[in-house]
Amino acid sequence: MKKLLLVSLCFLMLCITQVFAQNRTVTGTVTAKEDGLPIPGVTVKVKGTTNGTQTNTAGKYSLSVPAGATLSFSFIGYGTQDHTPTGATENVVLSLSSNQLGEVVVTGALGIKKAEREVGYATTLITGSSADQAKPIDPINGLTGKVAGLVIQQTATGVDPSVRINLRGNRSLLGNNQALIVLDGSPVPTAILSNLNPDDIESFNVLNGSGAAALYGSQASNGAIVVTTKRGTAGGKPIITYNNSLQLEQVANFPQLQNGFGQYGGEGSPYVNPLTAQPLHVPYENQEYGPAFDGSIVPIGVPANSPDGPQLTAPYAAASKLPVKAFFVTGVTEQNDVSFRQGDANNYFGISARNVNVTGTTPDDKSMTTNARVSGGKTYGIFKVDFTANYTKNTINQVGALPDGSDLYINLLQFPANLNIKNFQDVNNPTSFASENNYFSAYSWNPYWAIENSRNVVSRDQFQGNLNLTLSPTKWMDIAYRVSDNFGVYRAKDTRAEIDWSPYALTIPEGPLGGVNEAYFNPTVKGVVSDFIGYGDGTGGLINTTGNTPNFNGDQGLSRLEGTATINFHHTFFNDFKTNLLLGNDIFSENGNYTYDNSNSLLVGNYYNINAIGGSPTLQQANAVIRQVAYFADAQITYKGWATLEGTLRNDRDSRLPAANQSFYYPSVKAVFIPTDAIPGLKNNNVLDYWKIYADLSRVGQISAPPYSSNSYNVTTGFPYGSLGALTVNSTYYPPNLKPEIISETEFGTELGLFKDRLHLSADYYYQKSRNQTLDVTVSPSTGYTNTLINAGEVDSYGGEFSAQAIVIPKGPNTVGWTVGGNFAINDSKVVSLLPGVSQLQISQEDNINNGNIGGVFAVVGKSYPQLEVTDYNRDPKGNVIVNGANGVPTVNPNLVDEGRTTPKYSLGLNSQVSYKFVTLNVVADYRAGNVVYNEIGSAMDFSGSSASSAAAGRQIFVYPGSVVNTGTSAAPVYTPNTTPVFKGGWEYWSTTPVNVGSPYVTSAAFWEIREVSLAFNLNQFVKNTKFIKGLTFALTGRNLFLFLPKSEQWGDPELSDVASGGNGINAIGAITTNQLPSPRIYGADLQVTF
Amino acid sequence: MKKITLIIAAISAIGLSGCKKYLDQSVNPNSPSVTTLPFSLTGTESIMAAIPNGLAQITPTNSYVQYGYWMGVWAVSSGFIVQPNLSQYVTNTNDFQVWTDLYLNLSNINSMQQLAVAQKSPNYQAIAMIMKAYDFQQLVDNYNDVPYSQAFNTSNLFPAYDKGPAIYADLLKQLDAAIALINSSSSAAVPAGDDVIFGGNMTGWKKFANSLKLRIIMRQSNLAGFSALTAEMATTLSEGFLDGTLEADAQPGYTLNDAHGGQESPFWLAYGTNQNGNAENILVKANTFEINMLHGFNDPRLTALYTTVQEPEGTANAGATVVRGLYLGDPQLSQDTNAAGSLSAIGPGLLKSASMPAVVFSGYESLFLQAEAAVDGIIPGGTGAAKGYYEAAITASFIATGAEYQVPGSSPAAYYTPLESAPMYYNQNKANVGWNASTGNLEQAIITQKYIALNGYSLFEIYNDWRRTGYPLNVPRSLDEAAIGTNIPVRLYYPQIEFNTNGKNVAAEGTIDPFSSRVFWDTNTGSDASAH
């Protein structure tokens, strides 16, 4: 690695001292015919040579031209024009192309650029600027709703957000299903992209299918997002850009809370009115099943500090603002970035830096990200070199868990609606009501205690860079070698302060947690420290705190050093046959290791060092290496530009597979036909400008086996005792013949350009068969193991993707322009088989508030994957809930019931852009549907009585809606409508019956969301006469502004659907757990100045 | 395409030799791929010792603790969390299951046996056979029919179940074979410090095997072929049994340290306090049934088996030092919390220290077995020898618990030693205490005294004796109003993991009713074992 850095530095020096050779210089401005505005980025080339440049942001170019030469002006979406300049100035007006689709240059696998008309698979190009229009911090968020079949899901919010990126649904049962990210030609972990400055990105090419990415072999199964970063600018003059964006973040999308009832939790006598049998207010409760608010003054908790101490009181009436809301603050994100770019036809250099400072919606949560990036390139005759290097530092400081391991949010949801939570902030004052010894609740924690005393501090350092060397000895051959590397260091420290319960707190049963909760029975709860240090991709994803087997989420977590050598032959025979042959070799090595230590026995309460503990620390250390050697070939022949046939073949040898099975072949073949060019009758047609049809057959793989899939021994629990060691057989069995998963894909598609390119349509259909899955299945312990890896299971997935983009009103210099677009995708799947004789496989387990298992995510033979199955009430054949005739309470079916799939079947994105003069309004909306989600928080809120649902019947008895009773026998049931109300309408029913069942909290995960709104002002024309400033834009932006949910979803944003406790951490979405805060709404302003 | 293939083939050929090494991952840097006999022996012994002492990774709480609750040894203080599975006899396919822990340890023992065969180490091989018998007997006693002949074969993911009697018969053969193997291998290598039970004393292993044989045989006392097993016992009688001078205890070096999953002695780890002084299992309280029994027997082990507390204020003898318990599911004491400390917990005779050895097969259990076997004629000597075994067993229990009588009238209090106290105890003219006072029903006396001696470390054997003999009489049922029926379960359900992973074979065992589906040696026909 050091070597690479040195090489990069050398090139940096070269680029800075570059000399621009000049000849006769022609300058000019390129403008658009439609609106008369200058077009930046137009490629200007001396025809027949490689000599060329690009226009700057003001549409200006300057190029050295031999006398009599012809200049060719080309730009994506515009017709190419040739001009032979007569003087020193040549201004050009370009008009929108009537055949622009076919001209687009697409970057495919391995960074190979191709004309769109030669591409035989579904792909979407998104420019960096259109993804950045609402100024996301994570560039991936800028793609949401913009690509058919691409589902980007924000699974965690706050100061350390995370996303899932999925193309075409899930195909691997237990393996990785997230899209491969390819940055400047090299696969990188998603985290590298997430931390990239969005302004550094030139374009995203989304390759939906595995066929498109087939050249990546065993990494290609999930499609790919090919990201190309900006290089220097053309034109010789430096461009400096400064951008400032300020965003405010507010927690939105709260679960629906009740604000009519106060504290009571089933205490019974003496907290029950002996006459009415109605509950009375219980001062120390965390549950809110008490009497309705009546405005009186009630005691809260027990006297502080001593039996004669001060007694907290509060009005027994709803606080003006729900306490949960009052707890959160407005988060502020400030983003500053500066870039310098310079270059000409042969050389370029760019450097950029960004700083993002975030304060979260949870008090005291904060994060900071700093990026620095440099790129450059130089051509010496037949030799060309270019490089990029990127460094990111990311620090996060956020609240940790409470001493019982619970999350802040769940404690927050046990806060009575009549108290003001802000009165409990003074936690470190031992005599205050906020102190742990005086906190009113006997069963839940003061959320501010965690904020003050339990912290999770993370730092991530990530480097990513690559170096490309290209030799073009003849016109028909390029030899290239690329070396790329990414690595990172992850460090984290979790700390939690000691609690010393006061003697008073320990002796009163109604006191704070110390008095009643068995786990906190002891006078002291010792402080905790954990250190996580991981080398890899910088995410720390590898770190397994419970063992020495690294966690593998796909390939994430590891550093990667990769070398790719290619020879590319390209020649056009007989003027009509354009051929291309690429041969290559790719070798990569991924590495990672970690050290973790932990102790729950700090010697000094708040001195957080693993050396200062009682007893021995928990220590974990492990290493991982993945290596792969691959050979590949790609042959393509295009006839007259309208018929293309391409074949690829890749051979992978992967270290994760047993030696005998290491080598695998992955072929693909693609065909493209352009009828509008091939059939004379379709040419120069006023309606149909462009029509492409394509088909693609491919086979790719995925290796889901972890490294070292061989049988091994672990140190026996408890050992070593002194020098006495012991070993135990690893409880997972690795058979000696594991193979990779194989995904075969068939894809057909078409693209149309209509009405002089005013309307673009595209559609595709795909069918994927995924077999030989690597399943880690539970087996009977009598086999000697609890789990075994096995190659079994077959999943078919299929669907279609459609998109349309229309220029409704073309923009003119003084008229309104309007473009709209939409994309829609259907994805469905079917589990064809699992193990012989096994009809379902559990992927994850979901719990209720009582840590009871209510089901989970499964793969079920004959159904789509993944599928949510939970416990439900007993139902009659019509689906009505069967209640117990004696007490009106629904009866529970202990068997799991299928609730539906957890990934969206339908996803729809809509975008609209209206522009007038220098103002542009962009709106992006998206819709997802066809899936369900289990809201664990619903169970928590019904238990605590904070949910609106628990108060829907006013805490009165009610007849369960639509219920029936069995008036027959169990053998011959007769179902008649139920008229018996539930025996109690308060604590007795709500905190015992629904909370232990899964189905009451399963809702449709459908939603509509206004994802992005930006109102941009391009103020270039107002500053064009100033000396220093070349460009100025200002924008108002909003993200996730409005969320529309079905009525049943009263627990928050279903997009947060993620893995719950236990099970496979990468595929099991379908549940929202209690540690996921409500999703936020973000709005801000952005100013960009170009010098 | 052909050309491409050729070129690829050529490049592959060049790169292949180096490639193989580059891609080799046969060495796992995180966990060793090989073990040794000593490492396997130490690991399997420590887990074998941990399971009956309450430590297994099972829900809802420690292994076999439910038998302590159900047998009137302990009771659950219900002041904290409702534990219906304990106080209401609610068993299910998840709670109380020891299946996985036993099979995984057996898998380790099995692989040690295979390694010993491969390395021609007959003493290790014999030890493995003895340990397998110890764990497999627990499986049969918990579940009756279990996979045995088809177990531990990774090419068969769905092992069929063997019948309990067949497994028992084979275990006896295995034990005979193990003893024979040791006798014929005197020159072979023996373990040393890696044997944390006998330290390589092969005589100890033979006595352990022989005691295990006796346990397996005595378990069948109600079956038709019982007396025929006399011949089986006779074949190895000369090897002797564990007794007050030699018992099977594991001691790898237990210490008070929570590291590595807990280094405390397993019983201490399950019921004692951790390194921070925090109690591990404060739900466990003394049961009034056994307290009353010990009071009735004037048994000084009372304050060894249970802690003493002060009578709470408002009661008749407020402030007095007593052993105070409750019945299982007692609603009157449901509000009692540990804070007041008004209920007795596990006593100092059991919770001796975090570094105490873990009892695998106690000398007093072996002596009680010999006493019963002598009475039944399985071993020679008749009731005369039986009396000696019986009294030696009680003496061993007194020594183990440190039980002492106070010297009458001594002030400050002086105590007789446990060795002196034991005869004072068993010479009492009390039925089920003194041998001569119990001649009407020697089995009842033996099992009743065994019940007291096995408190804590051998809860499963207490339950097995109760299912087999019905002693001690009148084990109280839960007072929990919601207790299902009135019965104490007579077996466990098969675990959920079998239904998930080996469904056809477990289904072939038919529907299990924990209140009536008895294991094969439990010949009681009523729904309540204590009724006879």
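Note on naming: letters A, B, ... go to the chains in the order of the sequence lines (proteins, then strands), and numbering restarts at 1 for each one. Here the structure is a predicted model, which means the values were calculated and not measured. What's counted below: heavy atoms across the whole structure, side chains too, no hydrogens, waters or symmetry copies.
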**Q** Please flag which part of B:Y148 lies under 4.5 Å from any non-hydrogen atom of chain A: side chain, backbone, both or neither.
**A**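 Neither; nothing under 4.5 Å.
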
**Q** Taking the side chain as every heavy atom from C-beta outward, state whether A:T716 and B:T42 have any atom pair closer than 4.5 Å.
**A**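 No, too far: nothing below the 4.5 Å cut-off.
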
**Q** Could you tell me which portion of A:Y733 (side chain, backbone, both or neither) has an atom closer than 4.5 angstrom to a non-hydrogen atom of chain B?
**A**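 The answer is the side chain of A:Y733.
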
**Q** Run through B:L157, B:T100, B:N502 and flag the one making a side chain to side chain contact (heavy atoms under 4.5 Å, CB included) with A:S780.
**A**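 Result: among B:L157, B:T100, B:N502, B:N502 is the only option passing the side chain to side chain contact (heavy atoms under 4.5 Å, CB included) with A:S780.
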
**Q** B:Y22 and A:V629: which non-hydrogen atoms are nearest, and at how many Å?
**A**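 Minimum heavy-atom separation between B:Y22 and A:V629: CD2-CG2, 3.7 Å.
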
**Q** Using heavy-atom distances under 4.5 Å, tell me whether A:P617 contacts chain B through its side chain, its backbone, both, or neither.
**A**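 A:P617 touches chain B through backbone heavy atoms alone.
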
**Q** Where does A:N593 contact chain B at under 4.5 Å (heavy atoms): side chain, backbone, both or neither?
**A**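 For A:N593, there is no contact with chain B at all, as no heavy atom is under 4.5 Å.
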
**Q** Taking side chain as everything from C-beta outward and backbone as N, CA, C, O, which of these in A:T778 sits under 4.5 Å from a heavy atom of chain B? Side chain, backbone, both or neither.
**A**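 Both parts, heavy atoms under 4.5 Å.
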
**Q** Under 4.5 Å heavy-atom distance to chain B, tell me which part of A:S655 shows up: side chain, backbone, both or neither.
**A**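 Both backbone and side chain of A:S655 come within 4.5 Å of chain B.
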
**Q** Please classify the contact of A:Q840 with chain B as side chain, backbone, both or neither, using a heavy-atom distance under 4.5 Å.
**A**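 Answer is neither: A:Q840 stays 4.5 Å or more from chain B.
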
**Q** Output the option from B:I497, B:L102, B:T154, B:N153 having the highest count of non-hydrogen pairs under 4.5 Å with chain A.
**A**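 With the most close heavy-atom pairs to chain A, the winner is B:T154.
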
**Q** Between A:A659 and chain B, which part of the residue has a heavy atom less than 4.5 Å away: side chain, backbone, both or neither?
**A**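 Contact with chain B: none, neither part.
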
**Q** Report which part of B:V27 has an atom under 4.5 Å of a heavy atom belonging to chain A: side chain, backbone, both, or neither.
**A**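 When you check distances to chain A, only backbone atoms of B:V27 fall under 4.5 Å.
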
**Q** Side chain from CB out, backbone as N, CA, C, O: work out which of these in A:L727 comes under 4.5 Å of a heavy atom of chain B, or both, or neither.
**A**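 Both the backbone and the side chain of A:L727 come within 4.5 Å of chain B.
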
**Q** Which bit of A:N548 is near chain B, if near means a heavy-atom gap under 4.5 Å: side chain, backbone, both or neither?
**A**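 For A:N548, heavy atoms of backbone and side chain both lie under 4.5 Å from chain B.
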
**Q** Indicate the atoms forming the closest heavy-atom contact of B:F152 with A:G784, along with that distance.
**A**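 Result for this residue pair: CD2-CA, 3.7 Å.
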
**Q** Any idea which of A:V625, A:D654, A:V715, A:L657 has the most non-hydrogen atom pairs under 4.5 angstrom with chain B?
**A**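 The candidate making the most pairs under 4.5 Å is A:V625.
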
**Q** Does any heavy atom of chain A fall under 4.5 Å from the side chain of B:N156, the backbone, both, or neither of them?
**A**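 For B:N156, the contact with chain A is made by the backbone alone.
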
**Q** Are any non-hydrogen side-chain atoms of A:S782 and B:V146 less than 4.5 angstrom apart?
**A**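 The answer is no, as the side chains (C-beta and beyond) never meet within the 4.5 Å cut-off.
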
**Q** Is a side-chain donor-acceptor pair under 3.5 Å present for B:N257 with A:S616?
**A**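 Yes, B:N257 and A:S616 have a side-chain donor paired with an acceptor closer than 3.5 Å.
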
**Q** Check each atom of B:E498 against the heavy atoms of chain A and say whether the ones under 4.5 Å are side chain, backbone, both or neither.
**A**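 Contact with chain A is through the side chain of B:E498 alone.
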
**Q** Can you say whether A:S589 sits under 4.5 Å from chain B via the side chain, the backbone, both, or neither, judging by heavy atoms?
**A**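 A:S589 touches chain B through backbone and side-chain heavy atoms alike.
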
**Q** Pick from A:G725, A:P550, A:A726, A:P781: which one has the most heavy-atom pairs with chain B under 4.5 Å?
**A**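 Highest number of pairs under 4.5 Å: A:P781.
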
**Q** Under a plain distance cut-off of 3.5 Å, with no hydrogens placed, do B:Q25 and A:S710 share a side-chain donor-acceptor pair?
**A**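 There is no such pair (donor and acceptor under 3.5 Å, judged by atom type) between the side chains of A:S710 and B:Q25.
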
**Q** Taking side chain as everything from C-beta outward and backbone as N, CA, C, O, which of these in B:S46 sits under 4.5 Å from a heavy atom of chain A? Side chain, backbone, both or neither.
**A**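 B:S46 touches chain A through side-chain heavy atoms alone.
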
**Q** With A:Y708 as reference, evaluate B:S31, B:S33, B:P29 under the side chain to side chain contact (heavy atoms under 4.5 Å, CB included) test and give the passing residue.
**A**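 The single option meeting the side chain to side chain contact (heavy atoms under 4.5 Å, CB included) with A:Y708 is B:P29.
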
**Q** By a 4.5 Å heavy-atom criterion (distance strictly below it), what part of B:S111 contacts chain A: side chain, backbone, both, or neither?
**A**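 Just the side chain, heavy atoms under 4.5 Å.
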
